There are 2 protein chains.
Amino acid sequence: MTLTERRAQLLSLIIGEYVDTAMPVGSDAIVRRFDLPFSSATIRNEMARLEDEGYITHPHTSAGRVPADKGYRYYVEALMQERDLPSEVKQTIRHQFHQAGREEDEWVHLSAAVLARAVENAAVVTLPRTPESHLKRLELVGIQDGAALLVIVLQQARVKQQVLIFPEPMDQDQLTAIANHLNAAFRGHTADEIRGSQAQLTQMEWHVANAIREIMSASDRGGYDEAYLEGVRNVLQKPEFGTSDKMLNLLEVLEQRNLTKLIPFREISADGVTVMIGAENEEDAMHDYSVVISPYGVPGGISGAMAVVGPTRMRYSQTISTVRFIAGLMSEMLATYYDEGARE
Amino acid sequence: MTLTERRAQLLSLIIGEYVDTAMPVGSDAIVRRFDLPFSSATIRNEMARLEDEGYITHPHTSAGRVPADKGYRYYVEALMQERDLPSEVKQTIRHQFHQAGREEDEWVHLSAAVLARAVENAAVVTLPRTPESHLKRLELVGIQDGAALLVIVLQQARVKQQVLIFPEPMDQDQLTAIANHLNAAFRGHTADEIRGSQAQLTQMEWHVANAIREIMSASDRGGYDEAYLEGVRNVLQKPEFGTSDKMLNLLEVLEQRNLTKLIPFREISADGVTVMIGAENEEDAMHDYSVVISPYGVPGGISGAMAVVGPTRMRYSQTISTVRFIAGLMSEMLATYYDEGARE
DNA sequence: GTTAGCACTCGTGACTGGAGAGTGCTAATT
DNA sequence: AATTAGCACTCTCCAGTCACGAGTGCTAAC
């Protein structure tokens with residue numbers, strides 16, 4: 001299934017040209033553009049073969065060739081050389097990154113924006129999650145007679161909060177007592193463990209413990225649910241969207257925030273960047289798009305995923321390098337703050 | 001500057017028809033559609049007068065009439081009757097609302113989505129903010145030798161968090177001691193007050209207090225900065241976007257999350273819904289859109305703003321009612337959890 | 001294996017003419 | 001004085017036609 005040297009070269013040129021111009025590339029054009037030592041007729045023959053084998057196609061008889069999914073796939077697999085990002089680009093990205101804010105949400109959001117800008121496509125970054133959360137500390141702060149704010153800290157610096165309504169008025173001392181007791185009882189425990197020993201609590205404590213358990217389970221289940229999407233406009237600006245209904249189709253898919261369903265995070269190979277091209281995507285609506293995905297974080301520990309979404313006509317090499325680089329940065333940041341030693 | 005009864009009626013019909021169909025409305029069409037007791041010629045005369053006075057326009061000679069900004073303005077001001085939402089609609093909205101989640105962010109986000117769906121346009125809802133935040137409680141949780149998670153609770157159940165790096169290793173006891181001391185010293189204080197008495201602290205305490213002060217100031221300054229935007233697709237689907245560059249223009253404006261600059265939140269009259277029509281918007285890019293804005297929350301206390309953005313061709317009456325209703329719901333929710341009594 | 005040559009195919013853009021919708025004006029009607 | 005019928009006029013929209021150019025695929029010669 002491997003191509004002759006010359007055909008591979010040609011495929012590479014076609015892809016390069018098409019990615020740049022978004023226009024079908026003709027035999028003549030390519031010969032002139034690259035000063036090939038063959039005539040356009042030869043190229044036509046070669047193109048015909050490439051087409052037979054499914055690497056490129058024809059929008060219609062008298063148009064040039066356009067890479068097919070299989071062509072891109074071959075390119076990504078065998079032809080493309082992934083080169084390191086130029087160091088000034090890296091520098092720029094690092095710089096944008098270090099403006100990251102205080103809160104986790106904020107810098108995940110920022111990373112999506114940075115990635116989207118760098119690759120000129122849409123980017124999705126999920127919040128990182130931990131395999132199973134352990135309670136680290138909880139706090140109850142009264143805000144009204146029958147209501148208190150429950151703040152819980154999970155390991156690896158995740159903070160969750162919820163307003164809790166009590167069936168009867170509680171003062172701050174009572175709340176503090178409950179918090180102290182629960183802190184002592186449940187420190188380091190998982191949701192399941194809490195469920196196990198919940199029975200021995202007073203009614204009020206039980207009420208609080210229940211809320212904690214629910215929040216923790218939701219967080220464990222939740223995982224990739226929440227993700228930031230940025231740069232939709234980058235994609236929509238591309239020339240393939242001459243007609244506006246295509247834009248709407250894509251928007252329809254992307255705007256339902258349920259990105260996780262859309263983008264095959266489960267395909268992520270633990271160790272690097274994965275590329276899904278066109279029809280390789282499960283979702284029908286994504287058949288004209290490619291997705292470049294990478295996990296980030298500490299393997300086996302806190303981790304998340306990030307992806308770039310764009311038309312199949314995409315600068316794969318550059319995109320892959322960028323995703324790899326930014327995923328690396330994110331991993332570093334996570335490791336710095338929340339490394340395994342901090343699990344306690 | 002007031003119109004004759006008949007002309008006002010006519011304007012109303014034209015707007016109604018145009019809002020429904022998105023097509024210029026002709027004299028003949030309107031006579032037949034509504035069985036008017038006049039001939040189309042009479043209507044034409046009246047239309048000509050309305051046009052002279054700037055209430056409607058002409059895309060070109062032989063097209064029907066289209067309402068102008070001034071026409072919409074007159075309609076909103078004088079013609080439109082704002083009727084209460086049908087109770088089943090209210091019910092649906094209430095229902096969607098009560099699925100709101102645990103965290104403040106989450107239900108602000110949800111409200112934007114609900115609003116966008118209800119009015120079939122884009123919706124922006126800012127996070128609510130308080131006039132000046134008071135510290136309620138702080139917590140330090142060690143996560144690594146030289147790092148701790150600082151969690152602070154402000155009044156009205158706002159929780160902020162940040163990872164803090166210490167110049168030297170600290171154990172949990174030291175952290176707890178610092179937290180206790182600062183809790184005692186600063187409870188109920190504002191950022192400025194903290195700055196005032198910061199001098200008397202130990203070095204480590206000072207470090208922590210500084211971080212707190214910064215977070216609080218940022219929160220006080222921040223305010224409307226953060227907002228949720230939903231339903232862009234609703235707008236883009238409208239027939240006025242036959243051509244895709246108009247879509248991109250709008251997206252360009254909306255996607256820069258800096259919604260606050262875009263939408264004149266400062267125009268909000270404290271007590272109700274404000275409408276900005278077409279060129280009344282400051283931003284040039286918004287000259288073809290209308291914005292319906294309302295504050296929500298507790299006047300003088302915690303509050304935010306919400307807005308609907310859509311083409312000037314908009315169901316003003318329904319939109320205004322919906323915004324009013326949802327703003328009311330949000331206010332209720334805020335009041336329930338965080339009313340003045342909870343200020344402590 | 002490569003190339004020149006050529007007929008053929010399609011999409012694109014410019015131009016045309018007719019149909020339809022709507023206007024604005026004038027003169028007649030109420 | 002207000003309303004209406006009538007009509008010429010304007011402009012968009014659409015379908016059809018045409019020529020052009022880019023590109024292909026095939027054949028025959030190198």
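Numbered from 1 within each chain, the chains take letters A, B, ... in sequence-line order. Bear in mind that the values here come from a model prediction, so they are computed numbers and not experimental data. Basis for what follows: all heavy atoms, side chains included, without hydrogens, waters or symmetry-related copies.
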Interatomic distance, B:His58 NE2 vs D:dC11 P [rounded to whole Å]: 11 Å

Pairwise side-chain contact, A:Met286 with A:Met276, heavy-atom cut-off 4.5 Å (strictly under): no

Whole angstrom value for the distance that separates C1' of C:dA21 from CZ of B:Arg32: 10 Å

Sugar-phosphate, base or nothing in reach of A:Ser27, heavy atoms under 4.0 Å: sugar-phosphate

Donor-acceptor pair under 3.5 Å, B:Thr61 side chain vs D:dT10 base: no

B:Arg44 side chain, from C-beta outward: closest of C:dT9, D:dT4, C:dG24: C:dG24

OP1 or OP2 of C:dG24 under 4.0 Å from side-chain N/O of B:Arg65: yes

Whole-Å distance separating the CD atom of A:Glu51 from the P atom of D:dT24: 9 Å

Side-chain heavy-atom pair A:Met314, A:Val119 within 4.5 angstrom cut-off: no

Plane angle bin for A:Tyr74 and A:Tyr55 - parallel if under 30°, tilted between 30 and 60°, otherwise perpendicular: perpendicular

Nucleotide D:dA2, atom P - distance to CZ of B:Arg7 in whole Å: 10 Å

Interatomic distance, B:Met47 CE vs D:dT3 P [rounded to whole Å]: 15 Å

Rounded distance (Å) that lies between atom C1' of D:dG25 and atom CG of A:Asp52: 12 Å

Short side-chain N/O contact from B:Arg6 to OP1 or OP2 of D:dA2, under 4.0 Å: no

Selection from C:dT3, D:dG25, D:dT4 that lies nearest to any side-chain heavy atom of A:Ala48: D:dG25

B:Thr42 side chain near D:dT3 phosphate (N/O to OP1/OP2, under 4.0 Å): no

Nearest-angstrom distance from the residue atom CD1 of B:Ile43 to C1' of C:dA21: 17 Å

Identified salt bridge (charged side-chain N to carboxylate O under 4.0 Å, His left out) counterpart of A:Glu17 within the set A:Arg313, A:Arg65, A:Arg33, A:Arg32: A:Arg33

Minimum-distance nucleotide (side-chain atoms of B:Ser62 versus C:dA21, C:dT3, D:dA5): C:dA21

Main-chain N/O of B:Glu53 paired to B:Lys70 side chain as donor or acceptor, under 3.5 Å: yes

d(NE2, B:His60; P, C:dG20) in whole Å: 16 Å

Given D:dG25, C:dT3, D:dT4, the nucleotide with the shortest approach to the side chain of B:Asn45: D:dT4

